[in-house]
Amino acid sequence: MPFKPRERVRFNKNPLKEVICQLTFVAKDKKYDAPEWLVHFHDLIRDKLPFLNKRNEVTVDVNTDTQSITEHQETIYEFSNLESTLNVTYDGQNVTCFTSDYTCKEDFFSVIELFRSSLMKIELNNNMPFSRVSLRYKDVIERSDLGYSKNEPWSNLLNERLTGAISAHEFSEDVRGFQSKLAIKLDSDISLNSTYGLIRNIKTEEMCFLIDCDFFIEGVINDDDVMPHLSRANEYARNFFQWCITEKLYQGLEPTKIE
C-alpha cells in the first residue's frame, strides 16, 4: 500500500466538490430503450431519485480509411433528487452516479446499491458482469475559503512532492499554470489516475489547487464484488488525500473523527 492508512474523519471545512461513481457493464442491454421497464424501475428508486429526464445524445464516428461519417443516437435516462445535487444516468451499459453534496460513503453508496440492485430486479443487464468500476473525487483547495491568506505559500498547505515548482518561494505566487498527472497501482486490483494542479476561480480570480483522483478496477468484475471494491477505493481515497496535504491544512479543515 503506497500511502499509509489514515483515520476516517469528517472535515467541517470540506474542500470536496464532486464525487462520481461509474459502473460499466461488459455490454449494453438493448432492452433498456424499451419504455415498458421505465415506470416499474422508477417506482423502485423514486424515494431517493424522484425526478426523471430522458435525453438523446448524438455521437459521430469518423472512418478515415473509407472517409465516411456515421452518426449514432443514444438514449440516456437521468434520475435526480429534489435538490438536483445527486443524479444518476443510465445508458444501457454505464451507470454514473454524481453528487455535489457528498456527506458520507454510506449515503452515497446506498444510492449506487439501490440503482444497481433495482436493475437486477427488472432483469436489465441481468447476471452481466462489469468491465470497469471507478470512484472519483474532486477536491479544490481555495485558500481564502478555508480561512488562509490568498498568498499563503502552497508549501505550507500541500505535500511538496505533489506541488513541485509552485513550492519554490522565489516565484510561487507568480505561477499561473501548473498541472501534473500520476498513475499508480495501489494493489492487485485497484489503480489510481490523478490529475492535480492550479486552477482559477473565475468569480474571484483566486488561484486554487485541484486534486482530481479516479480510483478504478478493470477486468471481469462480478456483481457481488462491486461494493467491496468501492469500499476499498474509498479507503484509498482517504489515504491519498491526507498524504497530499500538510498537518497545517489538515487541522485547518477542522477534522472530526468518525467512529
Side-chain angles (χ1 to χ4, degrees), residues 1-23 85-86 97-114 133-149 152-164 166-167 180-197 208-217 221 224-259:
M1 186 182 297
F3 307 102
K4 71 176 185 179
R6 309 289 181 128
E7 70 175 0
R8 188 181 177 198
V9 298
R10 178 176 291 110
F11 292 118
N12 184 46
K13 295 181 178 179
N14 197 347
L16 184 61
K17 302 302 181 185
E18 295 179 3
V19 181
I20 305 166
C21 176
Q22 186 171 66
L23 312 179
T85 56
L86 172 70
C97 184
F98 165 90
T99 183
S100 59
D101 187 25
Y102 184 88
T103 53
C104 63
K105 69 175 184 179
E106 288 81 6
D107 290 347
F108 187 63
F109 286 178
S110 69
V111 176
I112 299 167
E113 173 62 18
L114 173 65
V133 174
S134 71
L135 187 60
R136 184 176 178 184
Y137 294 84
K138 294 183 181 181
D139 289 271
V140 176
I141 310 300
E142 186 169 2
R143 289 171 288 191
S144 64
D145 193 45
L146 298 175
Y148 298 104
S149 163
E152 179 77 29
W154 287 115
S155 58
N156 290 347
L157 305 176
L158 299 168
N159 190 328
E160 290 191 9
R161 285 173 287 182
L162 191 78
T163 56
I166 64 170
S167 293
S180 191
K181 294 181 182 292
L182 173 67
I184 187 170
K185 187 80 170 175
L186 296 173
D187 62 23
S188 59
D189 297 318
I190 298 178
S191 297
L192 163 65
N193 284 341
S194 179
T195 300
Y196 50 90
C208 309
F209 198 90
L210 167 70
I211 303 174
D212 183 350
C213 305
D214 185 21
F215 300 84
F216 65 94
I217 178 172
I221 306 157
D224 290 342
D225 294 328
V226 169
M227 299 314 295
H229 282 318
L230 289 178
S231 183
R232 283 165 52 217
N234 170 266
E235 182 180 346
Y236 286 140
R238 175 172 69 249
N239 299 341
F240 180 69
F241 178 74
Q242 293 190 35
W243 175 85
C244 289
I245 64 176
T246 63
E247 180 65 19
K248 178 176 181 176
L249 180 54
Y250 177 80
Q251 295 300 333
L253 296 178
E254 300 178 1
T256 301
K257 186 176 180 180
I258 299 176
E259 299 296 339

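Here the structure is a predicted model, which means the values were calculated and not measured.
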| query | Do you know which two heavy atoms are closest between Ser155 and Thr246, and how far apart they sit? | reply | O-CG2, 3.9 Å
| field | Short side-chain donor-acceptor distance under 3.5 Å, Tyr137 and Asn234 | value | yes
| said: Could you measure the distance from the CD1 atom of Ile245 to the CG atom of Leu158? Nearest 0.5 Å is fine. | reply: 8.0 Å
| message | Looking at Phe216, is its backbone amide N or carbonyl O close enough to the side chain of Ser134 to form a donor-acceptor pair, meaning the two atoms are under 3.5 Å apart? | response | no
| query | Is it true that Asp189 and Arg232 make a salt bridge, defined as a side-chain N closer than 4.0 Å to a carboxylate O? | reply | yes
| Hey, is the main chain of Ser194 close enough, under 3.5 Å, to the side chain of Asp212 for a donor-acceptor pair? | no
| message | For a 4.5 angstrom cut-off between non-hydrogen side-chain atoms, does Ser191 reach Ile184? | response | no
| task | Give a yes or no on whether a salt bridge exists between Glu152 and Lys248, defined as a side-chain N under 4.0 angstrom from a carboxylate O. | result | yes
| message | With a 4.0 Å cut-off on N to O distance, would you call Lys4 and Glu235 a salt bridge? | response | no
| field | Residue list, side-chain contact (heavy atoms from CB on, under 4.5 Å) with Ser110, at least two apart or on another chain | value | Lys48
| Geometric class of the Trp154/Phe209 ring pair [parallel <30°, tilted 30-60°, perpendicular >60°] | tilted
| message | I'd like to check the ring pair (Phe, Tyr, Trp, His ring centres under 6.0 Å) partners of Phe215; sequence neighbours left out, ordered by chain and number. | response | none
| remark: Taken to the nearest 0.5 Å, the spacing of Ile20 CD1 from Cys97 SG works out to 9.5 Å
| query | If every non-hydrogen atom of Glu142 is compared with every non-hydrogen atom of Cys208, which pair is closest and at what distance? | reply | CG-SG, 3.5 Å
| task | Any chance you could measure Asn156, atom CG, to Arg143, atom CZ, to the nearest 0.5 Å? | result | 10.0 Å
| Separation of Asp139 CG from Leu16 CG (nearest 0.5 Å) | 5.0 Å
| Between the main-chain N or O of Thr85 and the side-chain N or O of Thr99, is there a donor-acceptor pair closer than 3.5 Å? | yes
| task | Ignoring hydrogens and angles, tell me if any N or O in the side chain of Arg238 forms a donor-acceptor pair with the backbone of Arg6 under 3.5 Å. | result | yes
| request: Tell me yes or no: between the side chains of Asp187 and Tyr236, is some donor less than 3.5 Å from an acceptor? | output: yes
| request: Step through the shown structure and confirm whether more than 12 heavy atoms of other residues, nucleotides or ligands are within 6.0 Å of NZ on Lys185. | output: yes
| task | Please identify each residue that fulfils ring pair (Phe, Tyr, Trp, His ring centres under 6.0 Å) with Phe109, with sequence neighbours left out. | result | none
